[in-house]
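Before any comments, here is the structure.
The chains referred to below are lettered A, B, ... by the order of the sequence lines, with proteins before strands, and numbering in each begins at 1.
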Amino acid sequence: MHDHPLGADRTMTIEHVARVEGHGNIVVNIREGVVEEVRLEIVESPRFFESMLVGQDAPAAPELTSRICGICSVGHTTASIRAVETAYGIEPSAQTILLRQIMLHAEILQSHILHLYFLVAPDAFSAPSVIPLAEKNGEVVQRALRLKKFANRIMAVIGGRHIHPVSMKVGGFTRIPAEGELREILKAAPAADADIDETVKLFEGIRFPDFKRDTEYLALRQADRYSFYGGRIESSKLGPVDPDQYLSLIKESVVRHSTAKHAHFHHKPFAVGALARYNLNGRETLSPRARRAAAALDLEQMKDNPFGNNAAQVVECVHLLDEIADSVRSVISLGLKDEKPARVPETSGHGVGAVEVPRGTLYHEYEMDGLGHIAHANCVIPTGQNLARIEQDLREMVPQILDRPESEVRLQCEMLLRAYDPCISCSTHMLNVEFRK
Amino acid sequence: MSDAPPDQGDYRPEIATATEVRPLTATERLFHLILPHRALGHLPGQFVQVSLPGIGEAPISVSSSFTRTSGFDLCIRRTGNVSEALHRVKAGGRVGIRGPFGCGAPLEKCMGQDVLMIAGGLGLAPLRSLVQYICDYRDRFKKVTLLIGARTPETLLFADEYNAWRNEGKINIEATVDTAKKGWTGSVGLITNLIPQIEIWPTSTVVVACGPPIMYRFVMRKLQQRHIPDDRIYLSLERRMKCGMGKCGHCQINDVYVCLDGPVFRYDRLAALPEAVS
Amino acid sequence: MNKLRVAFYSLTSCEGCQLAFLECEDRLLDILQQVEIVRFREASSYEGGELDADADVAFVEGSVSTAHDESAVRTIRMRSRRVVAFGACADLGGVNAIKNRQGNEAAKERVYGPYSSWIHTSDVRPVSAVVPVDFTLHGCPVDKDELVRYLYALAVGRKPADPTAPVCFECKLRENICLFHKGGTCMGPVVRGGCRAICPAYGAGCDGCRGLAPDPNVALMRTLLREKGLNSEAIRRRVDLFNASAVPEDLRRELTGYA
Amino acid sequence: MKEKFLPGERVEDLAEYLSQRYRLWAPAAKEGAFVFAQVVDAGDISMDYSTTLLPPKHAFLPTAEILASVDLQTGEADSVRPDDPPPAIFGVHPCDLNGLARLDQAMREPPADAAYHRANAGAFIVGLACLKKCRPEAFCDSTETFRPNGHFDLHLTPMEGGFWTSVQSDAGRALADDTGLFEVPTDRQRAEYEHVRRGIETTFAGRRLNLKTLAADLPKIYPHRMWEKLAERCFSCGACTAVCPTCVCFDVRDEMSDGCRTANRCRSWDSCLLKDFAVVAGGENFRGRRAERIRHRMMRQGSYLARRFGLPVFCVGCGRCPHVCLGKISPLDVFEQCQKEVGSGVGRAA
Ligand SMILES: Cc1cc2nc3c(=O)[nH]c(=O)nc-3n(C[C@H](O)[C@H](O)[C@H](O)COP(=O)(O)OP(=O)(O)OC[C@H]3O[C@@H](n4cnc5c(N)ncnc54)[C@H](O)[C@@H]3O)c2cc1C
Ligand code: SF4
Ligand code: SF4
Ligand code: SF4
């Protein structure tokens with residue numbers, strides 16, 4: 001194709017970037033050898049979930065918003081449940097919280113594995129996709145599939161399935177797994193542990209592009225643990241803020257070239273996701289094994305490198321496996337109780353649910369009218385929060401590599417986009433927040 | 001609890017070889033099949049379950065008489081999964097066979113009688129086995145008539161065999177088509193129009209008809225106008241079938257099973273089966 | 001034997017149905033022996049454009065909600081021997097069609113405010129409303145086992161079986177306790193199964209993601225839901241979750257009780 | 001018939017013994033209801049259960065099974081389940097014993113279903129008497145199926161201190177002798193069992209049907225507007241047939257598996273209530289209307305199959321279908337209404 005350096009006046013367009021979830025294009029305009037404009041165009045059809053939520057019964061919101069995204073549907077379900085629960089002051093039981101955490105952790109695990117092996121690894125092995133990779137490195141792909149299956153199996157046992165889980169409801173679960181089913185998870189865990197150790201080794205061998213930039217990171221944080229479920233919003237510069245104040249931190253705006261909104265923190269792009277979580281929670285909150293993985297991958301050195309997000313995902317996988325096993329043991333030791341989901345009042349209310357999902361912090365905010373129907377809804381999706389940052393990264397990175405052949409420039413742009421693991425179909429919803437003029 | 005009846009109806013097919021495959025019309029093909037270890041051992045009017053691995057199974061009438069060869073013929077119309085896949089089978093190909101099933105045409109009853117056969121469209125496929133049998137044992141029957149109806153001359157099945165049936169088999173054959181272009185010298189019109197024209201002795205004639213449900217409705221009216229008693233008329237019925245041994249329930253018509261008690265039924269018995277021909 | 005050339009495409013959707021394919025996990029490599037994946041943007045790079053592959057079978061996920069979707073699905077139809085409506089969005093319009101009941105302008109205004117005019121969207125339609133569809137895989141998301149059976153059936157050149165029994169039937173086979181007996185409600189009696197009654201099995205009532213079963217007794221369904229205290233509005237919301245534009249008007253009226 | 005006494009505390013030992021030699025199915029609790037489940041631990045068995053969700057039919061005829069399978073590369077046909085031990089069902093109530101007998105009769109009527117026969121040769125059944133009606137919808141009194149009618153190897157009747165055990169078959173006799181769990185009943189126990197048995201007869205005395213004529217009566221109301229009325233209450237969902245111990249309709253499909261290397265012939269339960277049950281290639285549907293289908297089921301249960309197998313009625317009155325049917329359709333009501341119309345009922349004439 002284009003295998004010479006980009007000329008003086010050129011537009012480089014990468015249409016429908018592959019191996020990302022949803023449809024997006026990258027456009028780079030160069031005038032007189034200088035990068036004039038970089039755009040990440042989101043061409044995914046808009047979905048209108050915030051509108052479709054209006055008029056729904058509050059307890060129906062999780063089932064509907066799960067359909068925002070198939071990859072992180074447990075995440076959306078959880079955030080949605082939390083929004084309704086906070087609106088009505090419903091306190092889930094310890095058992096419910098543990099089961100929810102297992103679901104959420106398993107989803108993040110499976111999403112990371114999918115991303116690392118299916119979307120990132122082909123770049124590292126110079127394969128166009130996982131399918132030829134399967135032919136060359138069969139065992140690598142088998143391992144990925146085993147890990148994915150382990151995570152999916154957990155979600156199937158507790159939630160019925162991974163994509164659009166069935167039993168997760170406001171205030172509890174409609175079915176409590178049997179103890180025997182949970183013990184099966186523990187039985188399968190050692191094999192998954194071995195596979196995850198191999199995964200760390202695999203990624204130790206991969207060199208990520210060297211690119212550093214200065215940016216703000218945002219994530220949920222709790223005092224005593226690496227936080228996914230619950231916590232308060234923190235940034236690298238700011239102290240903790242309650243989730244319902246998220247709009248005071250994050251400003252979203254409509255951008256002409258994108259059906260997804262861009263978000264800013266104090267007028268600047270910021271990043272969320274695995275690397276943000278790692279940077280904010282700190283390595284001390286990781287499980288000992290995950291801490292060792294972080295050291296092996298030299299993650300500390302990549303705190304400012306967006307490609308470091310991939311390494312942070314590997315580290316999180318290790319941590320999540322350990323977390324899941326711990327939580328399963330806790331649920332069993334509490335003794336499984338046949339609890340039913342709480343009744344949701346049919347009155348007015350307002351609540352924000354915030355959870356960490358694979359790609360960063362997810363916010364759902366609902367306002368219910370006097371009949372308990374949603375009158376107003378807002379969902380802020382991690383990829384939407386990262387988009388401005390990705391564009392800014394491209395803007396900073398492309399000039400540094402402009403002397404290389406175009407094919408290389410293209411590849412590295414795509415790789416950068418993929419490093420963020422953008423989930424475009426879920427970010428193409430629109431929100432009713434302040435608009436940048 | 002183990003009172004053990006002998007294994008009878010199995011679901012595992014025997015593998016037959018298609019030694020010859022011949023297109024008959026645009027949608028029908030004739031297959032000649034041979035089983036490795038045995039003759040099929042069927043009677044006219046019986047059917048087999050034909051299958052291809054992973055595709056499915058379909059009930060198909062045997063189109064030839066056991067008096068002809070050690071193998072057997074199936075005439076198959078392309079309509080769905082199994083039949084379409086069968087149409088892709090070439091000579092030398094292998095297909096699964098279970099059967100024969102059903103109790104077949106009323107040979108005993110026809111002996112020494114006039115026989116009137118009425119075939120609408122694909123209905124000639126099963127009746128061909130009776131025609132062949134009659135040709136081979138011609139002296140056992142008196143006057144034999146075969147009425148054939150089809151949509152167009154091109155869709156007439158086995159047209160190249162009519163002359164042999166007429167001459168050697170001394171069978172009186174009348175064929176009619178719904179519509180025809182120039183060049184067709186036979187009758188045009190519904191098969192029911194042929195019935196008033198033929199010579200019938202109601203009390204010494206046995207009628208065997210095979211065709212679509214709509215044909216039966218009109219044919220029956222004409223036969224009754226010619227005073228043929230109901231217990232001398234036989235119809236062959238088609239139903240969905242899954243097992244062929246009266247278990248799966250799909251072919252049940254009121255309290256009978258087409259696969260066991262049919263597919264050929266005496267008309268007076270059908271009168272007690274309101275679901276049979278409505 | 002030539003491998004079956006299979007393409008996966010997505011229109012307006014959550015991409016969960018495509019993901020369901022990746023979640024076939026240990027069967028994935030077996031499947032790849034039978035089929036060649038010629039388009040699957042979510043998981044692979046390829047030479048050429050998004051829509052210019054000739055495929056034996058195109059699995060089209062998502063509903064048609066923009067002019068771009070519409071032209072894409074026409075191109076896909078021209079380039080593919082068989083088209084499968086892949087999942088509830090493609091089959092019924094799915095959750096996306098809730099917007100149809102709200103009106104496009106209202107929906108745009110709610111979400112994009114003063115910037116509405118930048119955004120293009122039309123009434124959400126199932127794939128079959130735009131191009132002929134050969135087969136349908138139901139469900140939101142599709143059932144993995146059913147997907148594998150579909151692929152194998154297509155690989156050996158036969159129509160995949162498309163069961164129509166209502167959810168209740170499979171629900172009994174799984175020995176679930178009926179939601180109505182537990183004090184809840186369920187659309188299972190009038191909804192097409194094939195999902196192995198996964199929602200009732202996990203304690204939740206069916207919401208109809210596979211569309212109506214043939215010849216549904218909607219009058220009786222309404223009576224049962226009414227007995228459990230659902231008013232017309234509540235029934236309407238229930239029906240609209242996946243079937244806002246999929247249930248014929250007369251049945252919809254009978255089911256919800258709206259005049 | 002031989003008679004034995006099984007001390008109550010040895011029930012689990014009996015189950016344990018069976019589970020080592022058979023694929024044992026027994027009643028177990030599930031979410032506040034009961035199911036026949038494959039036993040992992042004899043301690044999970046509920047001897048004091050009401051009707052199960054599904055009858056034990058699936059122990060003999062699985063909801064989905066592979067009947068035959070061919071390896072397409074080697075051309076070799078697999079005989080499926082070659083080494084599985086035969087099934088045993090433990091603690092079967094009389095309605096279900098009668099149901100199993102009817103299932104057996106239907107599947108073994110020549111030509112016998114070879115797959116069914118292969119899978120169930122040498123099966124073992126332990127019955128368990130009901131001392132009172134399990135639920136209001138049950139009508140085993142009307143169908144006279146509250147008695148076990150001989151289709152078992154051992155039959156347990158609960159009484160003081162344990163179970164009166166009727167030994168029916170050679171296999172039952174051998175087992176009773178082998179295990180050493182059973183005792184020779186004392187005269188006192190015999191007298192008490194007689195008392196229990198008579199009690200059962202009195203408890204289940206109230207019949208609402210005239211079984212002598214039912215099978216002949218039903219066809220008389222074949223054309224009747226009651227079927228249309230009934231259809232208004234029917235979803236055509238097939239739940240009734242799924243839970244019925246005597247419904248045997250099934251579907252057979254051929255499917256590929258593991259990368260199209262293996263072709264399987266699969267059987268799964270089907271239902272004559274389902275819309276497409278009688279569709280043939282070309283699209284004609286021979287029971288296309290709901291009223292025709294619900295009538296067909298009632299006729300099968302009350303008349304067709306009864307006459308075919310020389311029984312007064314094919315339904316065993318377990319009450320499962322009226323329980324699961326959301327339209328509250330009960331064969332008992334239908335049969336009773338029929339006999340009222342025909343004027344042959346045990347109640348008043350029409
Ligand atoms: C006794 C008997 C004899 C026959 N003899 C012949 C013969 O000699 N020649 C001949 O060409 N045909 C014959 N037929 C008809 C033939 O069996 C059907 O055309 C056949 O089933 C076609 O099978 P298929 O797989 O090709 O069609 P498909 O349409 O793919 O049917 C496959 C199966 O699905 C069933 N089915 C059909 N429509 C539907 C639907 N809408 N929903 C669900 N299931 C459906 C069919 O009954 C069949 O069991 C005979 C039928 C019977 C009963
Ligand atoms: S049908 Fe459901 S799972 Fe499939 S793409 Fe649409 S929303 Fe996602
Ligand atoms: S009778 Fe009842 S259970 Fe049976 S199909 Fe009709 S509604 Fe379903
Ligand atoms: S028809 Fe109903 S009551 Fe009779 S045996 Fe079957 S399920 Fe039980």
Minimum heavy-atom separation for B:G249 to D:C249, with atom names? CA-SG, 3.9 Å
Rounding to 0.5 Å, atoms CG (B:N81) and CG (D:D254) come to a distance of 10.5 Å
Is B:K247 reaching over with its side chain to a backbone N or O of D:P111, donor-acceptor style, under 3.5 angstrom? yes
Which one of B:E238, B:K242, B:H250 has the most heavy-atom pairs closer than 4.5 Å to chain D? B:H250
From CG (B:N254) to CZ (D:R295), nearest 0.5 Å: 7.5 Å
Return the minimal non-hydrogen interatomic distance between B:Y11 and D:A115, and the atom names on each side. CD1-CB, 3.9 Å
The reported gap from NE2 in D:H296 to CG in B:D255 (rounded to nearest 0.5 angstrom) is 9.5 Å
Spacing of B:C248 atom SG and D:F277 atom CZ [to the nearest 0.5 Å]: 6.0 Å
Shortest non-hydrogen contact between B:R12 and D:A68, atoms and distance: CG-CB, 3.4 Å
Does the B:R240 side chain pair with the main chain of D:D276, one donor and one acceptor, at a distance under 3.5 Å? yes
Okay, D:L305 and chain B: the region with an atom under 4.5 Å from a heavy atom over there is side chain
So for D:E284, is it side chain, backbone, both, or neither that comes closer than 4.5 Å to the heavy atoms of chain B? side chain
Contact part of B:L260 toward chain D, heavy-atom cut-off under 4.5 Å: side chain, backbone, both or neither? side chain
Side chain from CB out, backbone as N, CA, C, O: work out which of these in D:M299 comes under 4.5 Å of a heavy atom of chain B, or both, or neither. neither
Should we count CZ of B:R38 as having more than 12 external heavy atoms under 6.0 Å? yes
Interatomic spacing from OH in D:Y222 to CD in B:E275 - rounded to 0.5 Å: 4.0 Å
Looking only at heavy atoms, the pair that brings B:D261 and D:R308 closest together is OD2-NH1, 3.7 Å
Given a strict heavy-atom distance threshold of 4.5 Å, which part of D:D270 is in contact with chain B: side chain, backbone, both, or neither? side chain
Of the listed residues (D:G172, D:A106, D:A278), which shares the most heavy-atom pairs with chain B below a 4.5 Å separation? D:A106
Any non-hydrogen side-chain atom of B:P13 less than 4.5 Å from a side-chain atom of D:R265? yes
Using a cut-off of under 4.5 Å for heavy-atom pairs, which of D:R267, D:R300, D:E292 has the most such pairs with chain B? D:R300
Within a radius of less than 6.0 Å around CZ of B:R94, do more than 12 heavy atoms belonging to other residues, nucleotides or ligands occur? no
Tell me if the CZ atom of D:R21 is crowded by more than 12 foreign heavy atoms within 6.0 Å. yes
